[in-house]
Amino acid sequence: MKRIFSAVLVVVMILASLSLVACASDEEAEICIHTYVDGVCTKCNAVDPNYVAGEEVTFTDPVTIKFYHTMGQNLSDVLDQYIVEFNKLFPNITISWEQIGNYDDVKDQISTEITAGNQPNMAYCYADHVASYNESGAVQTLDKYIDSKDYIMVNGEKYAIGLTQQEKDSFIEGYYAEGATFGSSKMYTLPFSKSTEVLYYNKTFFEQNGIQVPDHWFSSGAEDKTSMEYVMAQCKALNAESIPLGYDSEGNWFITMCEQYGSGYTALKGEHYLFNNQTNRDFVAKFRNWYQDGLMTTQGLYGSYTSGLFTSTTNQTSYMSIGSSAGATHQRPSAVEGQYPFEVGIAPIPQIDAANPKAISQGPSVCIFKKDNEKEVLASWLFLKYLTTSVAFQADFSMASGYIPVLKQEIMLTDETFKAFYDAADGGDQIAALAMKAALAQENAYYTSPAFKGSSAARTQVGTLMQACFALQGDGIEAQIADLFNKAIQECKNND
Amino acid sequence: MKHVIKIVAVLLLVSMLFGLLTACNPKEPENPVETHVCHHVCETCGKCTDATCTNAVCAEKCAGHSGPTGEHACQHVCPLCVKCTDASCTNAACSKKCAGHSDFVDVAATLKLDLGSSSKKIVDAKVRTMNGNVIGYIDGDTTHFTCDTSINEDGVLKARYLGINTPESTGTIEQYGKTASNFTKNTLKGAQSIVIESEDDKWNKDSNGRNLVWIWYRNSATEDYRCLNIELLQRGLAIASNSANNKYGEYCVAAINAAKDGKYNVYSGIKDPNFYDGSAIKLTLKEIRANPSAYLDKLVAVEGVISYGASETIFLEEYDEESYMNIGISVYYGFGASGGLLSILKIGNRVRIVGKVQYYEAGGTYQISGLEYNARKANDPDYCGLISKGSAPAFQEISASDFKNGKRTITYVVGTGEEQQELSKEFNFAELALSTSVSLKDLRVVDVYTTKTGTSKGAMTLTCQDANGVQIDIRTDVLTRNGTVITADEYLNKTIDVRGIVDFYDGSYQVKVYSAESITVKN
């Protein structure tokens, strides 16, 4: 009897264990991606363990905020459409914007206005601009707004002032992280729209000649077919009149190589200028050889955008062009009778270490300036939050500008119009979408350089340095390169 | 009774005979009336604009025209603050009055040109012309000058003005773009002398190959030179562009601040009165071709079939029964056109084009550009859209004689509402056929000119004759085959068939060919 009882007990225990495993499996199969409202998930009613109830903020006072940017009319028209939408939520906030000029003009104007205390409320910025503004402590940190649990009643519903974890997670990580690269881990900016560098290549020519797309720079052997060295040589052998590779920005190239090698470019603290080292001199020397052998050119050496060479249909052409993802339509040859002379392919830029890819991130962020009237700062924050988290705005702005949206791909693809644009990507009419795809594909590779007074000048210096090194002639090239590096460092320090 | 009838019949017969004779032999009037021809016809309404003309033919006078959307258009706009300078005008549209500008800060007057400095200079520079036609006025911050070939191989200096950025007025049109462009053009036109100056001791170029320069001008030999770059900034016709970081940066910044303080033009907060802000005017291609200047800078909506495309341009045409030919216009979409827009701008598509009519000065022709497109509004009549697919481009066969000497008369509508009227006008065939697809057969190439320098190096002009010796020019782009540029010997002294687009260049009509496949060599 006991044996029977024991056997039954064992069976029951086994069955119970199996059912628990099944339950766990069921749970794993149906994990809820929570959408919390007021601390409760709207899908599964789970309670947000991090939820802290906020307070209602009354905000009905009329407020006007000034926004400085560089947008031309085609983009400010998009902005205006969304100001109308924003005002449906916040009719008391008037947005007054001004196209100042280019990014340096924005920085110069604001720098002057800060001295008089009449800077705008918010502005397009690059990291080095913010570093400069912060010498006067003019820029508002955003953490208290980002992390706020408070809310405003808008059209009868709670409108959260802060960013939910989901909203924070919706940003492309590298872009969001740029906002905290000022040494204190505090957030000073949110990303607005971005670009990167991509490799444009003549896909038709590559396919016709069995050439593979290069994914690293230097050959490890004679038959290293996906090295840039090998591919350039293949192109040159097929067309002796060609310059196989055009790279527009010498400065970007230098900085990106430093990141890819991990060899040192600049630092926020201590010695700022770290780029005078053997690794860097060595890669510059190799690139110089490429230039001297007619394998490569740059914008500075060619005299204009290298896209002109890439889109040429004569034998004096290039077959690869590294340039901004936002300039894709300029990297496409003109259609004749509706046909493009060749199809353009777009790939991530070559790397030193495939396991640790690095690609530059460019394009404006937005900062908010401190003001005596706290409501102005809050209004600026609400507008900035709206523009950066609105999928529709990011979609329309991106499609109009060619810049990359700052939200993750899977978020952007929830917008039907953007999805249609994205899905239609090709190397012809839809090249802007193709560039965006390539850019989003390398979103884990974005790096940022530390921002400090002098970081912008350093960028200019290394670009000039590269160009000067490429053009060197005569004996003792290594010594000449070393001399130019020394001079570049000195120029950087003089500009400090 | 019978007798009476006979008399009446005779009288009737005589009357008829008399009438017949006089009809066939009209008397010469004693005082013949010359038919008055109006030489001051308004291009918008067709009425006489000459208030002094009292002829009955010109009884109906043009009273001027209201603004783009029918509202009162101020005729006394201050060129600085854009407000009305006519104190007597009580129209609501002119409620904002200019108070005068006694506080105008003339920064340009404080900056002097040092002709002896080390910067590169061209003194008494000439705006680029071609066979007597000035083609160098591009927009507010770009002008093309002639220069020595030691500076630029093709003898053209494309000047991009340093430190400034004027609103766009070609391709895309922005508020105050045309105002800035006209200001630059009129200033240089009226100058007694122009000096081009580089930033430092060498000629520097931007990423588009244009020379970055300062432009100086003076109106008479006794005046100082004034810097046009600064002038544009201080009048609010340009915004900053690396303004602080150059040798005249201090003046640039001062000029910008002066314009902002004075609220001039782009800083006025007032919409550009010359900027068409209304809905698209629905037109036919015939109406635009017959009277393009009436629609200059206006937003138009027009339908047609795309016959061809090249160089970021498509050619739109429609068959006209009255003239039994195609009538069309070129549409420039530029490099910024989205994939969605490009997907509808395909050869053979019938499309609705919504854009602004512009005058392309360098080419001497009208085109549509600044296209309105929104991916979310594909069926909205205020935006470009696809109507249907599958229409075949015409490439209407014509003769050289027709091209050279043909005439066509068309009727077209001008004006709107009560001002609308129908006009009739005779055109040269080629003028009416501009921007349409044509084909010509059996042309003998008697001469070839090849462009030797510049971006068109290698392009050719084939001087051709038909069997009757009628001459016609075929202008090619740079033609290539397998990467090799095709040269003159491919066509010289050969007989060819051609398919191309009617084009206007340097004062003459020609047929433009964009690809080698459009020319068939027959022997």
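The sequence lines fix the lettering, A, B, ..., with proteins before strands; numbering per chain opens at 1. Bear in mind the structure is a predicted one, so any value in this text is a computation, not a measurement. In what follows, every heavy atom counts, from backbone to side chain, and hydrogens, waters and symmetry copies are set aside.
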Under the side chain to side chain contact (heavy atoms under 4.5 Å, CB included) criterion, do Asn102(A) and Asn242(B) qualify, and how do the steps go?
CA-CA 7 Å; Asn102(A) 63 24; Asn242(B) 274 327; 3.3 Å; yes
Let's go through Arg332(A) and Glu312(B) carefully: what are the C-alpha distance in whole Å and the side-chain angles of both, what is the deciding distance for salt bridge (Lys or Arg N to Asp or Glu O under 4.0 Å) to 0.1 Å, and is it a yes or a no?
CA-CA 11 Å; Arg332(A) 176 184 58 203; Glu312(B) 288 66 47; 6.0 Å; no
If you apply the rule side chain to side chain contact (heavy atoms under 4.5 Å, CB included), what do you find for Arg376(B) with Glu416(A), and how did you get there?
CA-CA 10 Å; Arg376(B) 299 187 197 271; Glu416(A) 273 184 28; over 6 Å; no
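For residues 104-116 of chain A, a heavy-atom distance under 4.5 Å to chain B picks out Asp104(A), Asp105(A), Asp108(A), Gln109(A), given by residue number. Contact annotation for residues 343-351 of chain B against chain A (heavy-atom separation below 4.5 Å, listed by residue number): Ser343(B), Lys346(B), Ile347(B).
Side-chain contact between Ser304(A) and Asn208(B) is absent, with no heavy atoms from C-beta onward closer than 4.5 Å. Residues Gln73(A) and Gln175(B) are in side-chain contact: their nearest non-hydrogen atoms beyond the backbone lie under 4.5 Å apart.
Between atom CG of residue Asn315(A) and atom CG of residue Asn482(B) there is a gap of 9.0 Å, rounded to the nearest 0.5 Å. The structure places CD of Glu98(A) at 8.5 Å from CD1 of Ile239(B), a figure rounded to the nearest 0.5 Å. Separating the OH atom in Tyr333(B) from the OG1 atom in Thr329(A) is a distance of 10.5 Å, to the nearest 0.5 Å. In this structure, Glu337(A) CD and Tyr514(B) OH are separated by 11.0 Å, a value rounded to the nearest 0.5 Å. Considering CG of Asp248(A) and OG of Ser207(B), their distance stands at 7.5 Å, rounded to 0.5 Å. Taking CG of Asp77(A) as the start and CD of Glu174(B) as the end, the distance is 8.5 Å to the nearest 0.5 Å.
Using a 4.5 Å cut-off between heavy atoms, Tyr267(B) contacts chain A through its side chain alone, with no backbone atom that close. With a 4.5 Å cut-off on non-hydrogen atoms, Ile173(B) touches chain A through its backbone but not through its side chain. Proximity to chain A is absent for every atom of Asn257(B), based on heavy atoms less than 4.5 angstrom apart. Heavy-atom distances place both the backbone and the side chain of Tyr305(A) under 4.5 Å from chain B. When heavy atoms are compared at a cutoff of 4.5 Å, Asp477(B) does not approach chain A at all. Heavy atoms of Tyr340(A) lying under 4.5 Å from chain B belong exclusively to its side chain. For Tyr308(B), the part lying under 4.5 angstrom from a heavy atom of chain A is the side chain only.
The most heavy-atom pairs under 4.5 Å with chain A, out of Glu517(B), Lys260(B), Arg210(B), come from Lys260(B).
No donor-acceptor distance shorter than 3.5 angstrom exists from the side chain of Thr480(B) to the backbone of Thr314(A), with no hydrogens or angles considered.
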